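Below you'll find the structure, written out as structure tokens, and then a few comments.
In this text the structure is predicted, and so the values were computed from the model without any measurement. Whatever order the structure lists ligands and atoms in, that order sets their numbers, starting from 1.
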Amino acid sequence: MKLADISFLPEEPAHDPEIELINAEAFGPGRYARAAYKIREGGPHARALSFVALHEGKVVGSVRMTPIAAGSGRGLLLGPLAVRPDYKNIGIGRQLVRLALDAARKDGCGVVVLVGDAPYYGPLGFAKIPRGQITMPRPVDPERLLAAELREGALAALSGEVVHVATLAREARPTESAA
Ligand SMILES: CC(C)(COP(=O)(O)OP(=O)(O)OC[C@H]1O[C@@H](n2cnc3c(N)ncnc32)[C@H](O)[C@@H]1OP(=O)(O)O)[C@@H](O)C(=O)NCCC(=O)NCCS
């Protein structure tokens with residue numbers, strides 16, 4: 001298997017069942033307890049900025065991006081990223097991350113955040129977020145809280161609890177109707 005045998009496409013609704021299977025295989029039932037999952041529960045992911053890797057018409061890898069807010073800052077949460085076991089170590093994961101970052105940049109996103117291993121994501125442009133700058137809805141090893149800044153100043157604008165942007169809209173509604 002070579003990377004050249006794999007095609008990469010923006011995610012479509014038809015990919016959902018296969019993506020769910022890949023994530024179940026990669027993360028198991030424990031995925032529902034993860035901090036990032038809790039944020040993603042707050043609203044939909046950005047499908048146009050999310051990508052799949054396909055081999056012979058089957059989804060073999062997936063990365064999703066979800067719009068987030070933290071204080072006055074806005075950005076995207078990258079994940080889950082998963083590749084089917086038989087397709088690991090040929091560069092699919094890295095290519096999915098690169099595609100997602102490029103799409104985010106073109107969409108005007110200033111910063112992409114994730115919870116993951118620095119040795120994997122460091123070469124792709126991610127670095128540790130200063131400890132205490134942002135908090136997640138569930139405990140996270142601060143060594144694994146990483147960001148890729150796509151526009152200067154966008155990372156510094158993130159502060160406090162990270163939430164799905166849809167959560168803000170829901171919180172704003174009662175105030176708006178009261179005004
Ligand atoms: C992590 C994952 C997405 C990588 O996908 P992949 O397509 O195999 O990755 P790539 O082929 O682009 O990169 C492989 C390289 O990354 C390394 N690597 C893989 N996982 C790593 C990790 N957690 N930390 C450090 N390096 C890692 C491999 O050893 C390999 O190194 P090499 O190029 O020196 O041989 C895949 O292993 C996976 O689905 N894992 C289970 C789910 C998961 O942990 N997702 C990440 C959540 S943050």
Side-chain angles (χ1 to χ4, degrees), residues 1-11 15-42 44-47 49-68 70 75-105 109 111-131 133-150 155 158 162-164:
M1 186 68 50
K2 304 184 301 297
L3 193 59
D5 300 326
I6 307 296
S7 42
F8 294 87
L9 288 177
E11 187 192 301
H15 298 134
D16 283 352
E18 284 176 282
I19 292 172
E20 178 53 28
L21 287 176
I22 289 173
N23 287 330
E25 177 181 50
F27 299 103
R31 66 192 185 282
Y32 300 120
R34 287 169 170 249
Y37 183 87
K38 178 78 184 156
I39 294 170
R40 290 193 288 263
E41 267 185 331
H45 63 287
R47 212 181 271 283
L49 308 178
S50 303
F51 290 85
V52 289
L54 298 171
H55 182 240
E56 294 174 349
K58 290 198 176 63
V59 180
V60 297
S62 155
V63 65
R64 281 182 162 167
M65 299 282 254
T66 300
I68 52 161
L76 289 160
L77 179 69
L78 185 149
L81 168 70
V83 173
R84 300 228 46 206
D86 287 351
Y87 293 83
K88 282 184 183 179
N89 295 318
I90 59 165
I92 294 176
R94 283 186 291 232
Q95 183 62 11
L96 285 169
V97 174
R98 282 191 210 105
L99 285 168
L101 283 181
D102 277 357
R105 194 180 287 110
C109 169
V111 61
V112 175
V113 172
L114 61 80
V115 183
D117 294 330
Y120 185 74
Y121 290 102
L124 293 163
F126 288 82
K128 227 186 309 170
I129 298 174
R131 195 175 278 240
Q133 181 180 332
I134 60 169
T135 57
M136 299 291 275
R138 287 174 181 154
V140 164
D141 176 356
E143 296 293 311
R144 305 186 76 239
L145 202 44
L146 313 177
E149 191 170 55
L150 306 179
L155 173 57
L158 296 177
V162 180
V163 295
H164 193 294

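Judged by distance alone, with hydrogens and angles left aside, the side-chain atoms of Ser62 form no donor-acceptor pair with the main-chain N or O of Val52 at under 3.5 Å.
Partners of Glu20 by side chain to side chain donor-acceptor pair (under 3.5 Å), not counting sequence neighbours, listed by chain and number: Arg31. Partners of His45 by side chain to side chain donor-acceptor pair (under 3.5 Å), not counting sequence neighbours, listed by chain and number: Glu11, Arg64.
Evaluation of the salt bridge (charged side-chain N to carboxylate O under 4.0 Å, His left out) test over residues 119-128, restricted to residues two or more places apart or in two chains, returns Lys128-Glu143.
Taking CD1 of Ile134 as the reference point, atom CD1 of Ile129 lies at 3.5 Å (rounded to 0.5 Å).
For ligand 1, residues of the protein lying within 4.0 angstrom by heavy-atom distance are Ala26, Phe27, Leu81, Ala82, Val83, Lys88, Asn89, Ile90, Gly91, Ile92, Gly93, Arg94, Val115, Gly116, Asp117, Pro119, Tyr120, Tyr121.
In terms of heavy atoms, Leu76 sits closest to Cys109 at CD1-SG, 3.5 Å.
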